[in-house]
Number of protein chains: 2
Amino acid sequence: MTMDGARGSAPATEMLAGTTGWLLHETARRVVAETEEALRGEGLRWRDYGVLGLLQAAGPLSQQEIGRRLGVDRSTMVHLIDALEERGLVERARDPADRRAYAVRLTGAGHALLADVLRPVTETVHDRLLGGLAAEDRAHLDRVLAHLADQGVIG
Amino acid sequence: MTMDGARGSAPATEMLAGTTGWLLHETARRVVAETEEALRGEGLRWRDYGVLGLLQAAGPLSQQEIGRRLGVDRSTMVHLIDALEERGLVERARDPADRRAYAVRLTGAGHALLADVLRPVTETVHDRLLGGLAAEDRAHLDRVLAHLADQGVIG
DNA sequence: TATTGTTATACTCTATAACTATA
DNA sequence: TATAGTTATAGAGTATAACAATA
């Protein structure tokens with residue numbers, strides 16, 4: 001499984017730039033950049049997409065819990081949710097079980113935006129960047145990443 | 001209109017949070033965070049590691065070329081290279097072919113830091129986060145990511 | 001006493017634009 | 001005229017710390 005065609009003398013697997021983490025990060029950076037470019041007209045950033053996608057996947061969550069899963073401080077979450085609420089994409093309801101916390105949830109408009117805009121845009125970008133993979137390679141990539149998520153690598 | 005049954009019952013692969021880009025980004029974010037945590041004592045960030053690893057992989061490059069490959073503006077590169085040069089990890093030499101540009105290259109100390117610190121730390125973090133994968137799955141992941149890099153998905 | 005959300009503030013990061021020296 | 005590097009500056013993004021309401 002030696003990689004050849006390397007620049008310079010060392011094989012690519014020997015180089016830091018060939019490590020899994022490096023490749024993961026650079027690939028993800030490209031996906032994020034192109035997704036944000038495609039969403040620029042909507043005035044949405046990757047982080048907004050993250051909040052909406054998380055709420056769709058997990059159901060209503062407190063601001064702090066959203067921040068914990070996305071790696072964002074609770075003080076930063078305030079502005080993020082403010083903006084999404086002003087646009088009518090999410091709403092704050094007090095959590096009856098703990099009245100200090102909100103249960104932030106998607107509105108109908110939030111669900112519609114995900115289905116009608118974010119998902120198509122995401123698919124287009126994915127196809128452009130990952131279209132060069134064989135179908136079974138792409139499926140395997142998804143399976144491996146999902147497995148890592150199930151294992152808690154994504155928290 | 002939108003008939004979303006996403007709440008609660010949809011399989012994970014149907015949800016935005018299950019898309020390839022999302023999983024790539026969250027996985028990479030975790031790897032970056034843990035690598036930076038492990039390198040905190042060295043006073044190095046992921047970006048520094050990126051510059052050093054790139055120079056190791058590609059040989060001497062101009063500041064602008066480093067920035068282009070890492071997605072960083074040339075004005076930002078100045079401070080980044082300044083800091084690495086002050087630490088003796090890289091050095092600026094004028095490119096004889098174009099005396100406007102530098103040929104930034106690793107010093108001996110830079111090579112040593114990569115070999116003695118950055119690579120072991122990277123391997124430890126990778127093993128902790130990706131150790132739950134079957135060996136063939138991890139190899140396949142590397143192969144798929146490297147293929148994307150070869151295709152120019154990573155610029 | 002601890003925790004959620006909030007606010008004010010300060011800090012970090014980054015890009016933009018103007019300048020220099022080379023091309 | 002165009003480009004690599006530099007500099008100053010402004011803007012975005014973020015976290016830290018203190019405060020209010022609730023646990």
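Order of the sequence lines sets the chain letters (A, B, ...), proteins ahead of strands, with each chain counted from 1.
Within residues 27-45 of chain B, no residue has any heavy atom under 4.0 Å from DNA chain D. Taking every heavy atom of residues 86-95 of chain B and every atom of DNA chain C, no pair lies under 4.0 Å. For DNA chain C, the neighbouring residues in residues 75-85 of chain B, judged by any heavy atom under 4.0 Å, are B:S75, B:T76.
Identified under the salt bridge (Lys or Arg N to Asp or Glu O under 4.0 Å) test for residues 46-59 of chain B, with sequence neighbours left out: none. For the salt bridge (Lys or Arg N to Asp or Glu O under 4.0 Å) condition, the pairs that include at least one residue of residues 31-40 of chain B, sequence neighbours left out, are B:R30-B:E34, B:E34-B:R128, B:E36-B:R45, B:E37-B:R40.
Base engagement by B:D73 is indicated by at least one non-hydrogen atom pair under 4.0 Å involving a base atom.
If you walk DNA chain D from 5' to 3' and mark each nucleotide with an atom closer than 4.0 Å to a heavy atom of chain B, the marks span D:dA2 to D:dT7.
A search for salt bridge (Lys or Arg N to Asp or Glu O under 4.0 Å) contacts involving B:R87 returns nothing, not counting sequence neighbours. Listed by chain and residue number, B:R29 satisfy the salt bridge (Lys or Arg N to Asp or Glu O under 4.0 Å) test with B:E26 (two or more places apart in sequence, or in another chain). Looking at residues two or more places apart in sequence or on another chain, you find no salt bridge (Lys or Arg N to Asp or Glu O under 4.0 Å) involving B:R74. Considering only residues two or more places apart in sequence or on other chains, A:E123 meets the salt bridge (Lys or Arg N to Asp or Glu O under 4.0 Å) condition with none of them. By the side chain to side chain contact (heavy atoms under 4.5 Å, CB included) test, B:T107 is found to be paired with B:E91, B:A109, residues two or more places apart in sequence or in another chain being considered.
A:E65 places its CD atom 10 Å from the P atom of C:dT4, with the value rounded to the nearest Å. In this structure, B:Y102 atom OH and C:dA21 atom P are separated by 12 Å, rounded to whole Å. Rounded to an integer number of Å, the gap from CD of A:Q64 to P of C:dT3 is 9 Å. With rounding to whole Å, A:R74 atom CZ is found 12 Å from C:dT7 atom C1'.
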Next on the checklist: Quick one, A:R105 with A:L55, criterion side chain to side chain contact (heavy atoms under 4.5 Å, CB included). Give me CA distance, side-chain angles, the key distance, then yes/no.
Outcome noted: CA-CA 6 Å; A:R105 65 182 176 220; A:L55 291 177; 5.8 Å; no
Checklist entry - Can you check side chain to side chain contact (heavy atoms under 4.5 Å, CB included) on B:L61 and B:R69, steps first, answer last? => result CA-CA 10 Å; B:L61 297 172; B:R69 299 206 199 185; 3.8 Å; yes
Checklist entry - Are A:H25 and B:V31 close enough, and set up right, to give a side chain to side chain contact (heavy atoms under 4.5 Å, CB included), and what steps lead you there? => result CA-CA 8 Å; A:H25 181 255; B:V31 172; over 6 Å; no
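Comparing B:A101 and A:D98, the nucleotide of DNA chain D nearest to each residue sits closer to the 5' end for B:A101.
Residues B:Y102 and B:V78 do not share a hydrophobic cluster, clusters being chains of Ile/Leu/Val/Met/Phe/Trp/Tyr side chains in contact below 4.5 Å.
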Would you mind writing out the side-chain donor-acceptor pairs for residues 130-140 of chain A within the sub-3.5 Å range, not counting sequence neighbours?
from, atom 1, to, atom 2, distance (Å)
A:D137, OD1, B:H140, NE2, 3.0
A:R138, NH1, A:D127, OD1, 3.2
A:H140, ND1, B:H140, ND1, 2.9
A:H140, NE2, B:D137, OD1, 3.0

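The pair B:R92-B:D82 counts as a salt bridge, with a side-chain nitrogen and a carboxylate oxygen less than 4.0 angstrom apart.
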